[in-house]
Amino acid sequence: MSSAVIPGSFDPFTRGHRYVVERAASAFDEIVVVVVVNPNKHGLFSIDERIALIEEDCADLPNVRVDRWTGLLVDYLTEHRIATLVKGLRSGVDFDYELPMAQMNRELADVETVFMITDPRFAHVSSSLVKEVAKLGGDASPYLSPHIHSRLLAVLAGERTV
Ligand code: PNS
């Protein structure tokens, strides 16, 4: 069975993320979306909530599940006997950021990174930009599933840190 991990912060999961997960889910037997916990970075959404939001967003994709990990990402892959990472690429900037990580992950644990090009509709979409737009009163709904957009507005209404 071919499995791959799609790692990220997903704070929150956007339509751009969903696009990559969907493409990967049709290319691999199983996809594990791994929410990576960064103890030094306090996100807007808790890890539990990020997981719940992704699970709801991907409920229609039967070969996709969601997990979490703290620490070195390749340790997760080794522990679960998964050899492949999938990363979405929006631009050359993403590639420059991703290439050293892909090389490092291959050197550390012989993990292969497969890059999937995002749809041009989402080339400018990032979690941080979407949060900023919503925080400043702009319409972030085109970039998020409706349940995630509602949660974002609710969280921002009660907590003003992005
Ligand atoms: O969504 P992001 O924040 O761009 O995702 C980056 C992420 C979490 C995939 C990356 O920072 C990562 O792999 N972190 C885990 C720690 C690790 O393994 N670091 C070494 C990478 S070579």
Side-chain angles (χ1 to χ4, degrees), residues 3-25 27-28 30-58 61 64-135 140 143-145 148-149 151-152 155-156 159 161-162:
S3 302
V5 161
I6 303 186
S9 306
F10 305 118
D11 185 39
F13 192 75
T14 67
R15 286 194 192 278
H17 292 132
R18 159 75 202 203
Y19 181 83
V20 172
V21 171
E22 210 176 302
R23 303 286 298 190
F28 292 85
E30 180 195 47
I31 292 295
V32 190
V33 177
V34 174
V35 178
V36 177
V37 181
N38 181 345
N40 302 315
K41 210 166 126 188
H42 180 70
L44 183 64
F45 291 91
S46 71
I47 300 300
D48 284 344
E49 185 156 27
R50 290 181 218 179
I51 289 172
L53 293 173
I54 300 167
E55 280 174 345
E56 191 175 342
D57 211 327
C58 297
L61 301 171
V64 173
R65 59 190 175 84
V66 188
D67 204 354
R68 75 183 70 206
W69 184 250
T70 308
L72 202 57
L73 185 60
V74 292
D75 288 343
Y76 180 93
L77 282 98
T78 304
E79 197 173 305
H80 293 84
R81 298 176 187 280
I82 299 174
T84 309
L85 282 172
V86 169
K87 297 283 190 91
L89 280 189
R90 290 166 298 190
S91 67
V93 175
D94 276 353
F95 182 75
D96 288 343
Y97 171 70
E98 293 293 346
L99 184 61
M101 288 200 284
Q103 286 170 327
M104 184 63 79
N105 288 331
R106 188 164 66 188
E107 222 162 79
L108 288 171
D110 201 23
V111 163
E112 202 63 66
T113 302
V114 172
F115 293 111
M116 289 195 162
I117 310 300
T118 58
D119 188 287
R121 282 176 297 152
F122 307 120
H124 58 302
V125 177
S126 66
S127 300
S128 49
L129 208 49
V130 166
K131 283 184 287 191
E132 188 176 327
V133 167
K135 187 185 179 190
Y143 315 115
L144 301 167
S145 290
I148 298 182
H149 184 239
R151 274 305 295 150
L152 176 58
V155 170
L156 288 176
E159 179 189 331
T161 51
V162 175

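Predicted, not measured: the structure shown is a model, and the values here were computed from it. When reading the values below, keep in mind they use all heavy atoms of this one structure, side chains included, and skip hydrogens, waters and symmetry mates. Both ligands and their constituent atoms are indexed starting at 1 by order of listing.
Evaluation of the side-chain hydrogen bond (donor to acceptor under 3.5 Å, both in side chains) rule for Tyr76 yields Asp67 as partners, not counting sequence neighbours.
Judged by distance alone, the side chain of Arg90 and the main-chain N or O of Thr118 form no donor-acceptor pair under 3.5 Å.
A 4.5 Å side-chain heavy-atom check between Asp75 and Glu79 finds every atom pair outside the cut-off. Taking 4.5 Å as the limit, some side-chain heavy atom of Tyr143 sits within range of a side-chain heavy atom of His124.
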Does ligand 1 have any N/O atom under 3.5 Å from a protein N/O, and what are those pairs and their distances?
| residue | atom | partner | partner atom | Å |
| --- | --- | --- | --- | --- |
| ligand 1 | 1 (O) | Ser9 | N | 3.0 |
| ligand 1 | 3 (O) | Ser9 | OG | 2.6 |
| ligand 1 | 18 (O) | Leu73 | N | 2.8 |

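At a threshold of 4.0 Å, the pair Lys131-Asp11 counts as salt-bridged, since one of the basic side-chain nitrogens sits closer than that to a carboxylate oxygen.
Taking the six-membered ring for Trp and thresholds of 30 and 60 degrees, Phe95 and Phe115 have ring planes more than 60 degrees apart, a perpendicular arrangement.
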